[in-house]
Protein chains: 2
Amino acid sequence: MALKHSRQRDAVYNFLKDRKDHPTADTIYAGVRDEYPNISLGTVYRNLMVLRDTGKIRTVDVGDGVIHFDADTSEHNHFICTRCGRVEDLEMESIDRVKEIAATNFAGKITGYSAYFYGICESCLTEQKEETDRLNREQTTG
Amino acid sequence: MALKHSRQRDAVYNFLKDRKDHPTADTIYAGVRDEYPNISLGTVYRNLMVLRDTGKIRTVDVGDGVIHFDADTSEHNHFICTRCGRVEDLEMESIDRVKEIAATNFAGKITGYSAYFYGICESCLTEQKEETDRLNREQTTG
DNA sequence: TTTAATATCGATAACCGTTACTGTTATTAT
DNA sequence: ATAATAACAGTAACGGTTATCGATATTAAA
């Protein structure tokens, strides 16, 4: 089953490769339809899996029940905002140190890991602050 | 919607509370049916979610497409064997250190994290070794 | 440059874990 | 005891993902 070239697969990859958010299959499907209006959702899924299996992209499971996709296959972690659901890259120094720490006192062999950090993203923090300020103003003036 | 006591909910929790593997709803359903043959899968799911929402148990998403459940709500990480799918607890010293490292250079607010370590578990390592030894024997004697 | 082989396509049905609905039963408070 | 209602068993619906199928496009060979 040697791979053949396909324009649709290129389109899926090209859509993903410049993105820093981590879209789901649905978003990718909608995006690629701009260029290929007749592409089917199944084709998008199939090619995403092929791209993953060939190491071109990676899947990111953030625990919200849907698969996210990421063209950045380098070793990095993710941050998930519990307020807006946004998934951001999280650059982290001494990423190898974590593996070392985990390997201590473990009898098996650790080949990789993925960490998901949860919290409130910068823009949601700003929104929250603005909301608080507004309520404070209303309370003092009203 | 004040909670009422239910024997089925107790049974679900009791099944889970002494386990160190991290069973899925299916396994829990099968297990509880020993005691309550007429319990329905929906009841199991409903009570698992109630138990989670009340902080009695936690859900563990290891990326295999199904939800795992864990009665150990303390802060700890998990190891997933990529060979047999087993999910084990992974005790890890300086677990807070990881959060500190991640918080560096991040503008948002990190409230928690979960890390999943992948590799080959101890028993699979043993099996692999036995398999290798067997093949070596066959090669030298055949 | 035809021809043959087959990977990929679009369309859609099937799959499967999970959730929601419904009439009935069990638990709790009065 | 009785009333109020949370939880139940059973089952249908839901939604993301995967598999199937005949048609089409890509690649290699003639």
Side-chain angles (χ1 to χ4, degrees), chain A residues 1-16 21-70 80 85 87 116, chain B residues 1-16 21-70 80 85 87 116:
Chain A
M1 50 167 164
L3 287 184
K4 282 182 182 173
H5 179 254
S6 100
R7 302 168 189 285
Q8 288 89 342
R9 183 149 61 232
D10 285 350
V12 168
Y13 179 71
N14 288 332
F15 178 84
L16 198 56
D21 62 343
H22 302 72
T24 63
D26 246 27
T27 307
I28 296 165
Y29 176 50
V32 174
R33 268 159 68 94
D34 291 346
E35 192 180 355
Y36 290 90
N38 295 326
I39 198 171
S40 108
L41 182 56
T43 298
V44 172
Y45 269 107
R46 188 184 333 107
N47 282 311
L48 284 168
M49 295 314 165
V50 170
L51 289 166
R52 182 192 57 182
D53 294 345
T54 54
K56 301 281 199 317
I57 68 173
R58 79 167 35 170
T59 52
V60 183
D61 183 345
V62 305
D64 61 356
V66 291
I67 307 174
H68 295 250
F69 298 89
D70 188 354
I80 300 104
V87 180
Y116 298 95
Chain B
M1 48 166 164
L3 287 185
K4 282 182 183 174
H5 180 253
S6 101
R7 302 169 188 283
Q8 288 90 340
R9 184 148 61 231
D10 285 350
V12 168
Y13 179 70
N14 287 333
F15 178 84
L16 198 57
D21 62 343
H22 302 71
T24 63
D26 247 26
T27 307
I28 297 165
Y29 175 51
V32 173
R33 268 159 68 94
D34 290 345
E35 193 180 354
Y36 289 90
N38 294 327
I39 198 171
S40 107
L41 182 57
T43 299
V44 172
Y45 270 107
R46 190 185 332 107
N47 281 312
L48 285 169
M49 295 313 165
V50 170
L51 289 167
R52 182 192 56 182
D53 294 345
T54 55
K56 300 282 199 317
I57 67 173
R58 80 167 36 170
T59 52
V60 183
D61 183 345
V62 305
D64 61 356
V66 291
I67 307 174
H68 295 250
F69 298 89
D70 188 353
I80 300 103
V87 181
Y116 298 94

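Every chain is numbered from 1, with letters handed out A, B, ... down the list of sequences.
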Protein-nucleotides 18-22 of chain C N/O pairs under 3.5 Å:
{"from": "C:dT18", "atom 1": "OP1", "to": "B:Ile67", "atom 2": "N", "distance (Å)": "2.9"}
{"from": "C:dT18", "atom 1": "OP2", "to": "B:Tyr45", "atom 2": "OH", "distance (Å)": "2.0"}
{"from": "C:dT18", "atom 1": "O5'", "to": "B:Tyr45", "atom 2": "OH", "distance (Å)": "3.1"}

Quiz item: Are OP1 or OP2 of C:dG10 and a side-chain N or O of A:Gln8 less than 4.0 angstrom apart?
Solution: yes
Exercise. Write down the atom of B:Gly63, the atom of A:Asp61, and the distance for their closest heavy-atom approach.
Key: CA-OD2, 3.1 Å
Quiz item: Do you know the tightest heavy-atom contact between A:Phe15 and A:Gly31?
Solution: CE1-CA, 3.4 Å
Quiz item: Taking the side chain as C-beta and beyond, is there a heavy-atom pair between B:Val12 and B:Leu16 under 4.5 Å?
Solution: no
Quiz prompt | Exercise: identify the closest heavy-atom pair between A:Val44 and A:Ala25 | solution = CG1-O, 4.1 Å
Self-check item: Between D:dA6 (P) and B:Asn47 (CG): distance, integer Å
Solution: 14 Å
Quiz prompt | Value in whole Å for how far the C1' atom of D:dT17 lies from CG of B:Asp64 | solution = 14 Å
Exercise. State, with a plain yes or no, whether a side-chain heavy atom of B:Thr59 is found less than 4.5 Å away from one of B:Phe69.
Key: yes
Quiz item: Which of residues 30-39 of chain A sit near DNA chain C, with a heavy atom under 4.0 Å from it?
Solution: A:Asn38, A:Ile39
Exercise. Using the test side chain to side chain donor-acceptor pair (under 3.5 Å), find all partners of A:Asp70 that sit at least two apart in sequence or belong to another chain.
Key: A:His22, A:His76, A:His78
Practice problem: Just grab all the salt bridge (Lys or Arg N to Asp or Glu O under 4.0 Å) pairs involving residues 36-45 of chain B, residues at least two apart or on different chains. | Solution: none
Please tabulate, for side-chain N and O atoms in residues 48-57 of chain B, each donor-acceptor pair with protein atoms closer than 3.5 Å (sequence neighbours left out).
{"from": "B:Thr54", "atom 1": "OG1", "to": "B:Val50", "atom 2": "O", "distance (Å)": "2.9"}
{"from": "B:Thr54", "atom 1": "OG1", "to": "B:Leu51", "atom 2": "O", "distance (Å)": "3.2"}

Practice problem: Starting from the first five and the last five pairs of the helix from C:dT1-D:dA30 to C:dT30-D:dA1, work out the angle between the resulting helix axes, to 10 degrees. | Solution: 30°
Tabulated below should be each protein N or O lying under 3.5 Å from an N or O of nucleotides 24-26 of chain D; please produce it.
{"from": "D:dT26", "atom 1": "OP1", "to": "A:Arg7", "atom 2": "NE", "distance (Å)": "2.8"}
{"from": "D:dT26", "atom 1": "O2", "to": "A:Lys4", "atom 2": "NZ", "distance (Å)": "3.0"}

Practice problem: Could you tell me the separation between the CG atom of B:Leu48 and the C1' atom of C:dG17, rounded to a whole number of Å? | Solution: 13 Å
Quiz item: Taking atom C1' of D:dG16 as reference, at what distance in whole Å does atom CD1 of A:Ile28 sit?
Solution: 14 Å
Quiz item: Between atom OH in A:Tyr29 and atom C1' in D:dG15, what is the gap in whole Å?
Solution: 15 Å
Quiz prompt | With sequence neighbours excluded, residues passing side chain to side chain donor-acceptor pair (under 3.5 Å) with A:Asp26 | solution = none
Quiz prompt | Atom-to-atom span, CZ of A:Arg9 to C1' of C:dG10 - whole angstrom | solution = 15 Å
Quiz item: What residues, two or more places apart in sequence or in another chain, satisfy salt bridge (charged side-chain N to carboxylate O under 4.0 Å, His left out) together with A:Asp10?
Solution: none
Self-check item: Under the side chain to side chain donor-acceptor pair (under 3.5 Å) test, residues paired with B:Arg58 that sit two or more places apart
Solution: none
Quiz item: Ignoring hydrogens and geometry, is there a side-chain-to-backbone donor-acceptor pair from B:Arg9 to B:Lys4 under 3.5 Å?
Solution: yes
Quiz item: Going from OG1 on B:Thr24 to CD1 on B:Ile67, what distance comes out if it is rounded to the nearest 0.5 angstrom?
Solution: 10.0 Å
Self-check item: For the student: nearest non-hydrogen atoms of A:His68 and A:Asp64, plus distance
Solution: NE2-OD2, 2.9 Å
Self-check item: Sequence neighbours excluded - side-chain hydrogen bond (donor to acceptor under 3.5 Å, both in side chains) pairs with any residue from residues 30-41 of chain A
Solution: A:Tyr29-A:Arg33
Are there any protein N/O atoms within less than 3.5 Å of an N/O atom in nucleotides 28-30 of chain D, and if so, which ones and at what distance?
none

